[in-house]
Amino acid sequence: MNAAAEQISSEAPDELHQANVGEMHSDHLIDSSNDADGQEAYAQAPGVRAEGLNSELANKWLVWQCKMIADVITGVVYDASGNMLAMRPENGVGADKLAIAGQQAFENNKPVITTEIPFGNSNGRLGDIIATPVKDGEKTLGYVALLMTPRPQSRQNVVLQLLQWGGFWLESLSQISDGVQIEAGAFTQSLISSALKHSNSQKACMEVAARISDRLNCDRVTIGLKKGVVIRAECISHLASFDERTQLVRRIEAAMEESLDQDSTITLPRITDAESVIDQAHKDLQSHHSENSSIATFALEGRSEFGAITLERSQSNPFDQDTVQWCESVLSAIAPIIELKRFEERSILSKARDSLRATCQSLLGPKHLKLKLVAAIAAATIFLAGIFNGNHIVSAPAFIEGAQSQVIAAPIAGFIKSSEVRAGDSVKKGQLLATLDDRTLQLELRKWQSEENKIKKAYQEALAKKARTELSILRAKSEQIEAEHSLVLERIARTELKAPYDGYVTSGDLSQSLGAPVAIGDILFEVAPAEEYKVIVKVNERDMAGVDNSKEGKVVIAAMPGEPIHFAVDQVNPMAISGEGNSYFRVEAEFDKATPELRPGMEGVARIDMGKRKLLWIWTHKIVDRVRLWLWSIGW
């Protein structure tokens, strides 16, 4: 029973809790479509026997199972020899496809799920097939297969879970009488449905205890679950709460441990004198609290024994063999559900511990060769990485700048008249970049030329009169007017903005600003010299340790991805710059050899060689540093 339960509990626990309970309740049982192959196969079923199973039991079980699963079209049960024991409905469709899937599940000894299988007349309908073996411990008794309407994978996993639980239940039913089978089957179907509705194991246990107490007319039903190596009472029927420290609860827990220690069901009074079990704890419970009661304790088993249930009722209605078999059948079906709910309630630490234990068992056990091979390779890689050195490289975004930059500013206040270049254009020394409107200056120039002519005429008249004083005054005015004239000429010349040297315009585009006013000092262009560049590397603050002027590296520009360019770090800006969601430092580097294709503003990725370090350190230091910083932030 443990092996079967372990297989059941390992399949898709998450999907079961997430599924709608409506999956387990439906008035739509089985389609009544006709299929000649299915009818012929079912005609051979009556009278077929398998060890522990028979056609009558398989039919009853299949009916109960179809009531719990929505939208079943056809269901079949086969024995280990491939003989059909039951089909629902009798003329179900798709029997041939169900037989193939069931045989595959039997041969591979694991469930099989196939989706969107065509069936029916001319294969005009689609359905999902789920097949799984039915086991008794390590022995496979047969297999069951269902054809259903298509549904999502999560619902398929729920159906598979129910079939596996049902198979475990079928094995239990095969060992009891027909009358008990019918009663246990109907009650178990209802009890499973009720237990699945609850969100946690405690509520499910309370539901189970109350329902069993009412069904068997018990005075008290107690369910206890293992906590470590001891059992603690989880719930008592019809009690919302109880004091765990009372002598009654302690004696019930002792009776449960007595039953689990002997791995057997204990009844008091005994059903037969041939029972060879120790029942001292049960007698102690009876003598102190239940003198006129009969007691029965059953183990709750899933992947292992995880708890027990103790039933107490009047001694005038003692537990007989049929009642014990009824209880064992019901509990064998409901126990995996309680265990699964309890399994999902574990703490994060417990889940991590169990996951680690399972991984270790997989690595050290006889199975999972691929996993062991992967683990061995990983361990060898880590070991070698801790021995051998590698180049520690710091990668960071980078862009190109000119080695120097000349600003072309507005020399006078005025208006933009024309623009000859824009950012990115190459220019020669003295090449015209733009001009400013000089009409006002031209008018001012004419004014001073007119003044100059007047002074010359007045000077000639004074010279003729030999008026020395007046000559001195006119000479001074003439010099002043000449200076103003020269100044206006200089300002007119400066309205033409020219390149200071050969290079590239790195910023500035006045073509869309013609006629716009400018003030003195407004930056209009920036010009960088040709073939004199530097690379700016934006190094993240987490990678700055060890970056200095002695380091070298290479940069790959996006426009030239196949040509790494060597550089040497020239200067590290000591101030961090915030941007792009983090902080970085500006690291300036010089190229060993200029590349004609480079242009200011080009971007790429730089890699700075930080020297030799252990490969393991190179791979893990960022994560380790983050963990250290986090631990420091929380006070560790």
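- Lys612 and Asn391 share a side-chain donor-acceptor pair at under 3.5 Å.
- Here the CD1-CG distance, from Ile492 to Asp438, works out to 6.0 Å after rounding to the nearest 0.5 Å.
- With hydrogens and angles ignored, the 3.5 Å screen pairs no side-chain donor or acceptor of Asp625 with any backbone N or O of Lys622.
- For the pair Asp592/Phe567, no side-chain contact is recorded, criterion being any heavy-atom separation below 4.5 Å from C-beta on.
- When the shell of 6.0 Å around NZ of Lys351 is examined, it contains more than 12 heavy atoms from other residues, nucleotides or ligands.
- Residues Val421 and Phe525 approach most closely at O-CE2, 3.8 Å, considering heavy atoms.
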#### Entry: Working for side-chain contact (heavy atoms from CB on, under 4.5 Å), residues Ile416 and Val518
CA-CA 7 Å; Ile416 298 172; Val518 294; 3.9 Å; yes

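- Nearest approach of Ser513 to Asp509, heavy atoms of both residues: OG-O, 4.5 Å.
- Contact check for Ile400 versus Val535: side-chain heavy atoms found under the 4.5 Å cut-off.
- For Lys538 and Tyr584, the positive end sits near the middle of the six-membered ring, less than 6.0 Å away and at most 45° from its axis.
- Of the possible polar contacts, none joining the Glu444 side chain to the Val488 backbone as a donor-acceptor pair under 3.5 Å is found.
- Judged purely by distance below 3.5 Å, without hydrogens or angles, the side chains of His485 and Glu452 never pair a donor atom with an acceptor atom.
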### Query
Is there a side-chain contact (heavy atoms from CB on, under 4.5 Å) between Ile608 and Ile393 once you walk through the steps?
CA-CA 6 Å; Ile608 302 175; Ile393 302 295; over 6 Å; no

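- A donor-acceptor pair is defined here as one N or O able to donate and one able to accept, closer than 3.5 Å; such a pair exists between the side chain of Thr620 and the backbone of Leu616.
- Within the model, atoms OG of Ser199 and NZ of Lys341 stand 7.0 Å from one another, a figure rounded to the nearest 0.5 Å.
- A pairwise comparison of heavy atoms in Ile618 and Gly390 identifies CD1-O, 3.6 Å as the closest pair.
- For the residue pair Ser418 and Thr435, a side-chain donor N or O sits within less than 3.5 Å of a side-chain acceptor on the partner.
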### Query
After noting the C-alpha distance and the side-chain angles of Glu482 and Lys477, does the key distance pass the salt bridge (Lys or Arg N to Asp or Glu O under 4.0 Å) rule?
CA-CA 9 Å; Glu482 185 178 355; Lys477 287 185 177 180; over 6 Å; no

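- Under the 3.5 Å distance criterion, the side-chain polar atoms of Tyr533 are left unmatched by any main-chain donor or acceptor of Glu590.
- Here Thr114 contributes atom OG1 and Leu98 contributes atom CG; the two are 8.5 Å apart, rounded to the nearest 0.5 Å.
- Between Leu497 and Ala409, the shortest heavy-atom distance links the atoms CD2-O, 4.2 Å.
- For Arg586 and Glu401, the salt-bridge test passes: some basic side-chain N is under 4.0 Å from an acidic carboxylate O.
- Between the CH2 atom of Trp619 and the CD1 atom of Ile382 there is a distance of 9.0 Å, given to the nearest 0.5 Å.
- The 12-atom threshold is exceeded at CG of Leu631, counting heavy atoms of other residues, nucleotides or ligands nearer than 6.0 Å.
- For Ser355 and Arg353, the side-chain atoms include no donor-acceptor pair closer than 3.5 Å.
- Summarising the geometry of Ala410 relative to Ala519, their closest heavy-atom pair is CB-O, 3.3 Å, with the distance given to 0.1 Å.
- At a threshold of 4.5 Å between non-hydrogen side-chain atoms, the residues Leu445 and Leu489 count as touching.
- Shortest non-hydrogen contact noted between Lys534 and Phe591 is C-CE1, 4.1 Å.
- Taking the side chain as every heavy atom from C-beta outward, Glu552 and Asp609 never approach each other to under 4.5 Å.
- The main-chain N or O of Lys428 is found under 3.5 Å from a side-chain atom of Gln431 such that the two form a donor-acceptor pair.
- No side-chain heavy atom of Met148 sits under 4.5 Å from any side-chain heavy atom of Thr74.
- Between Ser472 and Thr469, the side chains place no donor N or O within less than 3.5 Å of an acceptor N or O (distance only, hydrogens not considered).
- Between Asn389 and Leu615 there is no side-chain heavy-atom pair separated by less than 4.5 Å.
- A salt bridge links Lys498 with Glu496: the distance from a Lys NZ or Arg NE/NH1/NH2 to an Asp or Glu carboxylate oxygen falls below 4.0 Å.
- Looking only at distances, a side-chain donor or acceptor of Asp128 sits under 3.5 Å from a matching main-chain atom of Arg151.
- Contact check for Val547 versus Met610: side-chain heavy atoms found under the 4.5 Å cut-off.
- Put simply, CZ on Phe343 and CG on Asp354 are 6.0 Å apart, with the number rounded to the nearest 0.5 Å.
- Sparse packing is recorded around NZ of Lys417, with 12 or fewer heavy atoms of other residues, nucleotides or ligands lying under 6.0 Å away.
- Residue Val537 forms a side chain to side chain contact (heavy atoms under 4.5 Å, CB included) with just one option from Val587, Val569, Val555, and that option is Val587.
- In this structure, the side chain of Lys614 engages the main chain of Ile387 through a donor-acceptor pair within 3.5 Å.
- Counting only distance, with no hydrogens or angles, the side chain of Asn540 and the backbone of Arg542 share a donor-acceptor pair below 3.5 Å.
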### side-chain contact (heavy atoms from CB on, under 4.5 Å) assessment of His621 paired with His392
CA-CA 11 Å; His621 76 280; His392 177 210; 3.8 Å; yes

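- Side-chain contact between Asn573 and Phe585: absent, with no pair of heavy atoms (C-beta onward) separated by less than 4.5 Å.
- Atom NZ in Lys456 sits 10.5 Å away from atom CD1 in Ile481 (nearest 0.5 Å).
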### Query
How far apart are the C-alpha atoms of Leu441 and Thr495, what are their side-chain angles, what is the distance that settles it, and do they pass the side-chain contact (heavy atoms from CB on, under 4.5 Å) test?
CA-CA 10 Å; Leu441 293 175; Thr495 59; 3.8 Å; yes

